[in-house]
2 protein chains.
Amino acid sequence: MAQNRHNGLPAYQKIQRAIRQRIETNKLKSGDAVSSERELARIHGVSLMTARHALAGLEREGIVERRRGSGTFVAPPRIHFNRLMSYTEQMGSRGLTPNSKIIVAKIIGDEPEVAARLGLPATSRIVKIERVRHTADEPFALETCFLPADEFANLIDAPLARTSLFATLEHDCNVQLAYADEEVDATVAEGRVAQLLNLRPGAPLLRIRQVIYSTKTKPVIYVIGFYRSERHSLFIRRMR
Amino acid sequence: MAQNRHNGLPAYQKIQRAIRQRIETNKLKSGDAVSSERELARIHGVSLMTARHALAGLEREGIVERRRGSGTFVAPPRIHFNRLMSYTEQMGSRGLTPNSKIIVAKIIGDEPEVAARLGLPATSRIVKIERVRHTADEPFALETCFLPADEFANLIDAPLARTSLFATLEHDCNVQLAYADEEVDATVAEGRVAQLLNLRPGAPLLRIRQVIYSTKTKPVIYVIGFYRSERHSLFIRRMR
DNA sequence: AAGTGGTCTAGACCACGGC
DNA sequence: CCGTGGTCTAGACCACTTC
């Protein structure tokens, strides 16, 4: 019997979706027992191996925990470490309202080093968006994003003071962001950067340069950020 | 038929071990095709599902890649991002010889903030080891480690100028390190730190404070490190 | 067309946990 | 003891890739 003659989704995925849904709608809470393999097999009219496959997949995702001899249980909510998040998302997850001021939004064509980071020819046209990030009227970061103008020229008119660049890319430009490689070092505030961040020259700044890749392993954004050290620190979890 | 009556290891793990071995001994290189499910089933005298299970496990570990309709192939060598590594290990992985000078190695008892980070009572006795890290005679980092003296008092006599603290802990003290939470920010060199790192006051420094946990989710080491910014930057990969 | 991985069945025995 | 997950069988059909 074909698994997807009925509606186009494998049986094990239908089972997973059903369980995920029960968790998302709080019918199942962290620590609760999920139906056993045998129950699921009976309920969904599949064989034991198929029910197993469904649970194994959910376990790999960290959604459930399986304990031999005991059962399958909803895993405690995951703590997200080292997740690629936009400023908007980070602030949102702390219950703060993000705030940005656009300093520059234009197309440039003479930044060979930036072009190289994006994997483009040296004189490529590039969208440059420079924003000062605020919380409660105090500036705390200066972020400059660069994107290939060929694909994203329309971004210079996007309402980025209010909406997230990530959200705009993922929803309006049909780009799925996958991961970012960051290079972090320390520097001191000088000149224009000091002025925009309202800092005295010589104040320590965290500098983060990141290349953000799409799911197609293609560089999409290059960001240089300067973060006021007394207002911002970076958290990382490293695994052995 | 019992899977482990023969020798105590499930069949799928034996298959995995066999494949891993062929990769480690370079009989199979990156990109090479691994025996197909059907071949493995025949060779090892198991059913198709069991061979499948073996390959699925190796795929989850990132050791092989499976391509429908095409076959199973040895995955490209993994790049380790965000791995908890000691200075010695980091230098070694770049083909450099590590070099340290011990500045302080003693037991202290009046560092309530450090004690708190280690999850200890405020006046606990704590091992303090301060080291300057060199490469080619140029100092580039000052690292201060703190460990509970109850368990690790013997470390003050360990030959840490030459051997790795991680290695000593894992081999001699029977402690398995699991992960670390790091807090990164920027600061400037001052006073004693500037002097030890041979920097002018006001030079930017990367400061990394990390709590390293054992596999028992117990804090084992608290480290404060100052890194010369022009000699060191931090790489992180963030996933979406 | 031949071969590969992906899904699935309808059973089986084992090892473990809790009662 | 009974229910749980862990391993396993000997097949099957499908979707896909390669030739």
Side-chain angles (χ1 to χ4, degrees), chain A residues 1-20 22-23 28 30-76, chain B residues 1-20 22-23 28 30-76:
Chain A
M1 195 182 315
Q3 76 280 7
N4 56 2
R5 194 82 50 72
H6 304 295
N7 68 12
L9 206 59
Y12 78 95
Q13 286 182 26
K14 289 201 282 190
I15 298 173
Q16 290 177 339
R17 199 182 50 181
I19 294 172
R20 257 194 280 266
R22 292 184 62 190
I23 294 171
L28 282 176
S30 177
D32 288 358
V34 176
S35 314
S36 74
E37 298 177 352
R38 288 161 179 81
E39 273 179 287
L40 286 173
R42 189 176 45 75
I43 294 167
H44 291 86
V46 297
S47 82
L48 209 51
M49 281 298 274
T50 302
R52 248 195 92 61
H53 189 32
L55 290 179
L58 292 176
E59 181 180 43
R60 212 173 358 127
E61 294 179 48
I63 291 174
V64 303
E65 280 178 19
R66 319 190 69 194
R67 291 198 280 274
R68 177 193 297 215
S70 175
T72 300
F73 305 87
V74 179
Chain B
M1 196 182 315
Q3 75 281 6
N4 56 2
R5 191 85 49 70
H6 304 293
N7 70 12
L9 206 59
Y12 78 96
Q13 286 181 27
K14 288 201 284 191
I15 298 173
Q16 290 178 339
R17 198 181 50 181
I19 293 173
R20 258 193 280 265
R22 293 185 61 192
I23 294 172
L28 282 176
S30 178
D32 288 357
V34 176
S35 314
S36 73
E37 299 176 351
R38 288 161 179 83
E39 274 180 287
L40 286 172
R42 191 175 43 78
I43 294 167
H44 292 85
V46 298
S47 81
L48 209 51
M49 280 299 276
T50 303
R52 248 195 91 61
H53 189 30
L55 290 180
L58 292 178
E59 181 179 44
R60 215 174 354 129
E61 293 178 49
I63 291 174
V64 302
E65 281 178 18
R66 319 191 69 197
R67 291 198 281 273
R68 178 196 298 217
S70 174
T72 300
F73 304 87
V74 179

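To find a chain, count down the sequence lines: A is the first, B the second, and so on, and within it residues start at 1. Atoms considered below: every heavy atom in the structure, side chains included; atoms not considered: hydrogens, waters and symmetry mates.
- Legend: residues meeting side-chain contact (heavy atoms from CB on, under 4.5 Å) with B/H44, ordered by chain and number and at least two apart, are B/I15, B/A18, B/L40, B/V46.
- Separating the OH atom of A/Y12 from the P atom of C/dG5 is a distance of 16 Å, rounded to the nearest angstrom.
- The minimum heavy-atom distance linking B/S30 with B/A75 is given by the pair OG-O, 3.6 Å.
- Take A/R60 and apply the side-chain contact (heavy atoms from CB on, under 4.5 Å) test, not counting sequence neighbours, and it matches B/R60.
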Extract from the structure each pairing of a protein N or O with an N or O of nucleotides 2-4 of chain D at less than 3.5 Å, listing the distance.
from	atom 1	to	atom 2	distance (Å)
D/dG3	N2	A/G69	O	2.7
D/dT4	OP1	A/S36	OG	3.4
D/dT4	O2	A/G69	N	3.2

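- Whole-Å rounding puts the A/R42 CZ to C/dT9 P distance at 15 Å.
- Residues meeting the side-chain hydrogen bond (donor to acceptor under 3.5 Å, both in side chains) test with B/Q16, sequence neighbours left out: none.
- Against DNA chain C, the stretch residues 45-63 of chain B makes heavy-atom approaches under 4.0 Å through B/M49, B/R52.
- With rounding to whole Å, B/L40 atom CG is found 12 Å from C/dT4 atom C1'.
- Rounded to an integer number of Å, the gap from A/K14 NZ to C/dC8 C1' is 13 Å.
- Applying the side-chain hydrogen bond (donor to acceptor under 3.5 Å, both in side chains) criterion to A/R38, with sequence neighbours excluded, gives no partner residue.
- For the salt bridge (charged side-chain N to carboxylate O under 4.0 Å, His left out) test, residues two or more places apart in sequence or in another chain that qualify with B/R20 are B/E61.
- In this entry the distance linking CZ of B/R66 with P of D/dA15 reads 19 Å, nearest Å.
- By the side-chain contact (heavy atoms from CB on, under 4.5 Å) test, A/R42 is found to be paired with A/E39, residues two or more places apart in sequence or in another chain being considered.
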Please list, one pair per line, the donor and acceptor atoms closer than 3.5 Å that link side chains of residues 66-73 of chain A to other protein atoms, with sequence neighbours excluded.
from	atom 1	to	atom 2	distance (Å)
A/R66	NH2	A/E37	OE2	2.6
A/R67	NH1	A/E65	OE1	3.1

